[in-house]
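Contents: one structure, followed by commentary.
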Amino acid sequence: MKNKKTLVLGASTKPERYSFKAITNLVAKGHSVLAIGQNAGEVAGIKIQTKAIPLKNVDTVTLYLNATRQRDYYNYIVEASPKRVIFNPGAENPELAQLLELNNIKSEQACTLVLLATNQF
């Protein structure tokens with residue numbers, strides 16, 4: 001399986017959160033993970049940053065932020081030029097999806113946990 005460098009945007013240290021589960025599962029499947037969240041912490045050995053960090057060669061950005069909270073990251077995501085952006089349930093955002101399309105970045109409404117569990121990530 002190919003390692004897909006993934007940014008989890010909206011990361012949380014709370015085990016009941018889906019972003020926590022996504023980080024844990026991504027690491028378990030051998031993917032390189034970067035994480036940005038509201039609060040600093042660590043999940044599965046991955047440090048959660050509270051500010052935008054320099055991004056290079058990111059394959060996937062997986063969103064766990066609602067549409068309103070995503071606005072602060074529009075330029076950041078576009079400038080990172082990932083191959084794709086996953087809008088997890090609750091993170092749907094037609095405005096950002098259109099911006100990504102205009103910048104030739106693939107987006108999909110999907111669940112990272114399901115994609116990982118079914119080997120479609």
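Note that these values count all heavy atoms, side chains included, but never hydrogens, waters or copies made by symmetry. Along the sequence shown, residues are numbered consecutively beginning with 1.
Hydrophobic clustering places Val61 together with Val78 (ILVMFWY residues linked when any side-chain heavy atoms are closer than 4.5 Å, directly or through intermediates). Follow the hydrophobic side-chain contacts under 4.5 Å out from Leu55 and you reach Tyr74 in the same cluster. Val58 and Ile23 fall into different hydrophobic clusters, defined by Ile, Leu, Val, Met, Phe, Trp and Tyr side-chain heavy atoms under 4.5 Å apart, directly or through other members.
Closest of all the heavy-atom pairs between Tyr76 and Ile36 is OH-CD1, 3.4 Å. Smallest separation of non-hydrogen atoms from Lys56 and Lys5: O-NZ, 2.8 Å. Pairing each heavy atom of Thr13 with each of Glu42, the nearest pair is CG2-N, 3.8 Å. Taking both residues in full, the closest heavy atoms of Lys4 and Phe121 are given as NZ-O, 2.7 Å, listed atom of the first, atom of the second, then distance. Closest approach of Pro89 and Ala110 over heavy atoms only: CD-O, 3.6 Å.
Under the rule for a salt bridge (charged side-chain N to carboxylate O under 4.0 Å, His left out), the partners of Glu108 that lie at least two apart in sequence or sit in another chain are Arg84, Lys106.
The pair Glu16-Lys21 does not meet the salt-bridge criterion, since no charged nitrogen lies less than 4.0 angstrom from a carboxylate oxygen.
When the options Leu113, Val85, Val8 are evaluated for a side-chain contact (heavy atoms from CB on, under 4.5 Å) with Thr62, the one that passes is Val8.
Using modelled atom types and a 3.5 Å distance limit, the side chains of Asp59 and Thr6 yield no donor-acceptor pair.
In this structure, the side chain of Gln109 does not engage the main chain of Phe87 through any donor-acceptor pair within 3.5 Å. At least one donor-acceptor pair closer than 3.5 Å links the side chain of Glu92 to the backbone N or O of Gly90. Without hydrogens or angle criteria, Ser19 side chain to Gly10 main chain gives a donor-acceptor distance under 3.5 Å. Not one N or O on the side chain of Asn119 forms a donor-acceptor pair closer than 3.5 Å with the backbone of Leu115.
At most 12 heavy atoms of other shown residues, nucleotides or ligands fall within 6.0 angstrom of atom CD in Gln98.
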